[in-house]
Amino acid sequence: GSREMGREAFIERVWQWKAESGGAIIGQLKRLGASCDWSRERFTMDEGLSRAVMKVFVELYRGGLIYKDKRLVNWDPKLKTAISDLEVQQVEVRGSLWHLKYPLEGTDEFVVVATTRPETMLGDTAVAIHPQNERLRHLIGETAILPLVGRRIPIVADEYADPEKGTGAVKITPAHDFNDFEVGRRHDLPLVNVLDVEGRLDLTDNAAFLDGVPVSAALEETLVLHGLDRFVARKKIVERLEALGLLDKIEPNTHSVPHGDRSGAVIEPYLTDQWYVDAKTPAQPAIDAVRAGRTVFVPEQWQATFFDWMEHIQPWCISRQIWWGHRIPAWYGPDGKVFVAEDEDDAVADALAHYTEIEEITAEEGHDIAADPARQAWFASEYLHRDDDVLDTWFSSALWPFSTLGWPGETPELKRFYPTSVLVTGFDIIFFWVARMMMMGLHFMKEVPFPTVYIHALVRDERGQKMSKSKGNVIDPLEVIDEYGADALRFTLAAMAAQGRDIKLSAQRVEGNRNFATKLWNAARFAELNGCARNPDFDPHHAGEVLNRWIIHETAQAGREVTAALEAFKFNEAANAVYRFVWNVFCDWYLELAKPVLTGPDGAAKNETRAAAAWTLDAILKLLHPFMPFVTEELWNVTGGDELLVLAAWPLHDGLDDPAAEAEIGWVIDLITAIRSVRAEMNIAPVTLLPLVLAGASAETRERARRWSAYVQRLARVADISFADAAPPGSMQLVVRGEVAALPLKGVIDLAAERARLDKEMAKAEADIGRVEQKLGNADFLKRAPEDVVEGEREKRAEAQARKIKIADALKRLEGAV
RNA sequence: GGGCACGUAGCUCAGCGGGAGAGCACUACCUUGACAUGGUAGGGGUCACAGGUUCGAUCCCUGUCGUGCCCACCA
């Protein structure tokens with residue numbers, strides 16, 4: 001795409017790019033404020049943004065922060081435009097290192113230089129040698145004769161010439177290499193540009209190239225190369241040098257070569273006149289803002305990256321030689337004088353004020369051209385030419401936080417929403433966008449555009465490489481969504497987004513979370529089938545049933561966990577917390593324990609349980625909505641939410657903690673789990689119902705057992721529950737929350753296996769005690785460890801000792817039964 | 001060359017000064033009426049290696065080895 005391209009051709013090209021790049025071009029157009037109506041093949045520029053861009057340009061120009069300069073840029077010879085660093089891809093290339101011999105004037109000797117780009121030798125204006133280079137420094141001050149050209153070039157002393165690299169002597173081509181450009185500046189070397197905008201040799205009418213070069217046969221032969229592509233020319237030049245015996249040697253050399261992201265062409269450092277923003281000046285307030293904590297990065301390690309870049313920031317080239325974009329608001333008069341203004345009228349006014357001596361204007365006696373639009377248009381077309389270049393898309397993007405809010409107008413939106421709250425973005429965009437938004441925001445709004453920048457993980461491919469549209473290694477989210485659903489994908493990304501680490505997307509993980517969505521769906525269906533409907537009279541603070549008080553307690557706790565994690569930008573923790581709560585608490589225990597009530601006879605308990613289940617499900621939908629917006633919204637709708645779930649208030653539960661309920665249901669869960677575990681271990685068939693004896697149970701335990709007997713019977717496959725002072729002989733004995741639960745099964749269980757099991761438990765208890773006692777027996781530990789840690793260890797010891805006694809007792813009884 | 005991460009269960013990854021965790025995979029059992037995209041139970045790890053700090057190190061520090069990324073260089 002060049003600016004000569006017509007509209008039709010442009011549209012065709014955009015379509016092609018859209019296909020080639022997978023849509024990267026769309027991002028570019030969006031950053032320009034262009035909206036695309038594909039069906040009508042129309043592009044419209046946002047007028048408000050255009051105005052803002054012009055205003056910003058003019059103000060920065062008047063403040064001396066925008067200027068025009070002739071220096072090197074990254075040039076894409078295929079697109080014929082300057083491009084930004086963002087659009088440059090480094091590609092490893094197996095190339096060669098050519099060692100060239102430059103004759104020294106007045107001797108038969110040579111200085112040998114090495115290059116990977118021999119064609120640039122035509123633009124050489126010096127050879128540099130390190131002043132401390134023992135081997136070569138005697139050559140400093142001599143003059144070399146550039147082969148094929150005849151230019152006399154000085155051998156200068158410069159520390160840039162590393163004695164260890166290449167031949168130790170470096171050819172200096174200030175117009176075609178960023179480092180050489182700096183060397184050239186230091187030694188006041190001429191700039192000889194030997195390429196045209198398309199990367200072809202430009203020699204015949206090239207004054208800089210021919211300056212001071214004597215006419216010779218060799219030069220004539222070189223001029224024949226004019227117009228050749230740089231790579232073709234490279235070959236020819238090498239051939240000629242070889243023929244002249246000036247090719248010392250060729251070394252194989254692998255190095256990375258910058259390629260244009262969009263064109264795929266090799267990028268040339270190219271000498272052109274471009275517009276620049278002096279980024280260094282506005283960078284300082286941005287650095288200060290981050291240092292002062294007015295903008296923080298999450299995770300904070302990215303601050304270092306931000307500082308590193310901001311402190312080494314280079315002038316920002318903002319002009320582009322393409323024709324879609326915001327045209328640079330600079331008009332040139334007949335003598336090249338620049339008039340920068342927000343629109344043409346202003347530019348004309350400025351120009352008229354300046355060109356008071358131009359006769360055609362002043363000659364009109366008594367006619368005030370400044371008040372005559374027709375004459376102004378004539379003047380503009382006759383005498384002024386607007387800059388053909390457009391602005392880098394990141395220039396307008398940098399204004400995003402305030403231009404979208406109506407700036408430069410003093411709109412209510414601007415007052416309300418600037419500064420914004422959080423910027424969420426990828427690390428690769430910190431430099432290009434975040435930094436620029438900060439610079440512009442601080443400059444024009446006098447305030448940071450956002451107090452927090454959350455740098456999210458990058459989704460990489462299975463090889464850990466960054467996915468990119470141009471590289472073509474993207475996992476197409478649409479395909480993943482087709483297979484597992486958008487909720488499953490979104491949840492997976494959130495669950496894997498641990499701070500500071502990238503994501504290698506795994507289909508299995510997505511599948512697991514699809515199953516989670518299904519689980520939720522089924523749980524909701526179960527609730528619906530059992531008449532669990534939202535009840536406005538239900539007050540979670542005054543539930544009567546222990547089970548309901550328990551799930552309310554657990555819900556409040558899960559809610560706090562999820563909220564805290566979200567507020568800390570720990571999305572993986574939030575996702576895992578809600579996952580665990582829904583599956584392992586609500587589905588696995590609450591619904592299972594509620595089944596007898598929900599399917600039992602009507603009554604107060606049933607009504608309350610229905611309401612509590614519905615209340616909990618509501619809380620779940622709200623907590624899960626950020627991660628699974630679609631399924632939760634749908635379930636919310638099905639259960640009769642009258643507004644959208646996305647608009648519902650986030651659940652913040654106070655005063656719902658209920659340790660008593662937790663103790664009771666926790667005991668039930670532990671008891672059932674222990675029995676199940678031992679049954680599986682002892683290989684007891686599920687059809688076998690075991691009697692359960694609670695030995696030496698406290699009054700509280702007896703009470704609980706009576707309340708929960710039906711549940712324990714059903715979920716642990718227990719026949720009936722009875723009480724005794726001691727476990728009956730020959731029974732399996734389990735320690736549950738400090739008390740013994742016995743399954744008297746003489747003859748059913750394998751006594752040897754049971755003894756082995758108890759031995760294992762005993763060993764574990766003893767190991768626990770041993771570890772704790774070692775600590776508690778250490779005087780230094782008691783002296784130096786914090787008190788609560790020591791106290792915790794004491795509690796652990798007491799618990800383990802009690803457990804050991806119970807197990808020893810169980811073993812003794814087992815022996816008695818044999 | 002400079003910088004930043006990371007080496008924890010077979011795999012993908014959490015945790016990060018005081019009892020090794022999840023998901024998937026694996027093993028055994030379960031056609032119980034929300035769910036087999038399910039249930040129950042289980043096996044599996046000297047938390048890369050070597051030093052150091054500490055009463056105590058998977059966690060902090062140093063070094064080594066390995067891996068990844070960014071920046072620069074690439075004559």
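Order of the sequence lines sets the chain letters (A, B, ...), proteins ahead of strands, with each chain counted from 1.
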- Cation-pi check, A/Lys519 to A/Phe586: give yes when NZ or CZ is under 6.0 Å from the six-membered ring centre and within 45° of the ring axis, no otherwise. no
- Task: Using the C1' atom on both, measure B/C59 against B/G3 and round to a whole Å.
- Result: 24 Å
- Message: Please report the distance separating the P of B/C69 from the corresponding atom of B/U62, rounded so that it comes out in whole Å.
- Response: 24 Å
- Looking at every strand, decide which applies to A/Arg117 at a 4.0 Å heavy-atom threshold: base, sugar-phosphate, or nothing. nothing
- How would you list, by chain and number, every residue that makes a side chain to side chain donor-acceptor pair (under 3.5 Å) with A/Asp670, sequence neighbours excluded? A/Arg737
- B/C49 and B/C55: how far apart are their C1' atoms, nearest whole angstrom? 26 Å
- In whole angstroms, how far is the C1' atom of B/G42 from the CD atom of A/Glu681? 9 Å
- Message: Does B/C74 have OP1 or OP2 under 4.0 Å away from a side-chain N or O of A/Tyr160?
- Response: yes
- Message: My understanding is that only residues two or more places apart in sequence, or in another chain, count here; which of them pass side chain to side chain donor-acceptor pair (under 3.5 Å) with A/Arg525?
- Response: A/Asn522
- Task: Looking at every strand, decide which applies to A/Ser256 at a 4.0 Å heavy-atom threshold: base, sugar-phosphate, or nothing.
- Result: base
- Query: Rounded to the Å, how far apart are A/Phe178 CZ and B/C71 C1'?
  - Reply: 15 Å
- Message: Please report the distance separating the P of B/A20 from the corresponding atom of B/U64, rounded so that it comes out in whole Å.
- Response: 31 Å
- Task: Report which part of the nucleic acid A/Ile172 touches: base, sugar-phosphate, or nothing (heavy-atom distance under 4.0 Å, all strands).
- Result: nothing
- Message: So A/Lys570, base contact, sugar-phosphate only, or nothing? Heavy-atom distance under 4.0 Å.
- Response: nothing
- Message: Using only atom types and a distance under 3.5 Å, with no angle test, would you say the side chain of A/Asn133 pairs donor to acceptor with the backbone of A/Leu136?
- Response: yes
- Item | Of A/Ala161 and A/Thr599, the one whose closest RNA chain B nucleotide lies more 5' | A/Thr599
- Task: Indicate, with a heavy-atom threshold strictly under 4.0 Å, whether A/Glu528 touches base, sugar-phosphate, or nothing.
- Result: nothing
- Message: My validator wants the stems of RNA chain B: runs of 3 or more consecutive Watson-Crick or G-U pairs, both distances under 3.5 Å, written as range with range.
- Response: B:1-7 with B:65-71, B:10-13 with B:21-24, B:26-30 with B:38-42, B:48-52 with B:60-64
- Is the shortest distance from a Lys or Arg side-chain nitrogen in A/Asp768 or A/Arg797 to a carboxylate oxygen in the other one below 4.0 Å? no
- Side-chain N,O (A/Asn513) to OP1/OP2 (B/G23) below 4.0 Å: no
- Message: Heavy-atom count check: over 12 atoms from other residues, nucleotides or ligands less than 6.0 Å from A/Phe630 CZ?
- Response: no
- Message: Just to be sure I understand the rule, does A/Arg514 reach a base, reach only the sugar-phosphate, or reach nothing, if contact means heavy atoms closer than 4.0 Å?
- Response: base
- Reckon A/Asn179 touches a base, only the sugar-phosphate, or nothing at all at heavy-atom distances under 4.0 Å? sugar-phosphate
- Message: Whether A/Arg784 contacts B/C55 is assessed here as follows: a side-chain N or O lying under 4.0 Å from the phosphate OP1 or OP2. Is that the case?
- Response: yes
- Would you mind telling me which residue lines up with the more 5' stretch of RNA chain B, A/Ser677 or A/Leu97, judged by nearest nucleotide? A/Ser677
- Message: Once you apply a heavy-atom cut-off of 4.0 Å, does A/Lys796 come out as touching a base, just sugar-phosphate, or nothing?
- Response: base
- May I ask you to say what A/Trp583 touches in the nucleic acid, namely base, sugar-phosphate or nothing, with a heavy-atom cut-off under 4.0 Å? sugar-phosphate
- Task: Assign A/Thr305 to base, sugar-phosphate, or nothing according to its heavy-atom contacts below 4.0 angstrom with the strands shown.
- Result: nothing
- A/Lys804 side-chain N/O to A/Ala765 backbone N/O, donor-acceptor pair under 3.5 Å: no
- Message: I'd like to know if the side chain of A/Asn584 pairs up with that of A/Tyr579 as donor and acceptor (distance under 3.5 Å, no hydrogens or angles considered).
- Response: no
- Verify the contact: side-chain N or O of A/Asn576 to OP1 or OP2 of B/C13, cut-off strictly under 4.0 Å; return yes or no. no
- Query: Does A/Lys504 put a side-chain nitrogen or oxygen below 4.0 Å from OP1 or OP2 of B/G68?
  - Reply: no
- What does A/Glu592 touch in the nucleic acid at a heavy-atom separation under 4.0 angstrom: a base, only the sugar-phosphate, or nothing? base
- Query: When you compare B/G33 with B/A48, how far apart are their P atoms, in angstrom units rounded to a whole number?
  - Reply: 46 Å
- A/Ile672 has an atom CD1; how far is it from atom C1' of B/U40, in whole Å? 12 Å
- Task: In whole angstrom, give me the gap between the P atoms of B/G42 and B/A22.
- Result: 12 Å
- In whole angstrom, give me the gap between the C1' atoms of B/G1 and B/U8. 32 Å
- Looking across every strand, which nucleic acid part, if any, lies under 4.0 Å from A/Asn253 by heavy atom: base, sugar-phosphate, or nothing? sugar-phosphate
- Message: For a quick check of understanding: with a heavy-atom distance under 4.0 Å over all strands, which category does A/Ala498 fall into, base, sugar-phosphate or nothing?
- Response: sugar-phosphate
- Task: Taking atom CD of A/Glu300 as the centre, report whether more than 12 heavy atoms of other residues, nucleotides or ligands fall under 6.0 Å from it.
- Result: no
- Message: Roughly how many Å apart are B/G43 and B/A28, using the C1' atom of each and rounding to a whole number?
- Response: 10 Å
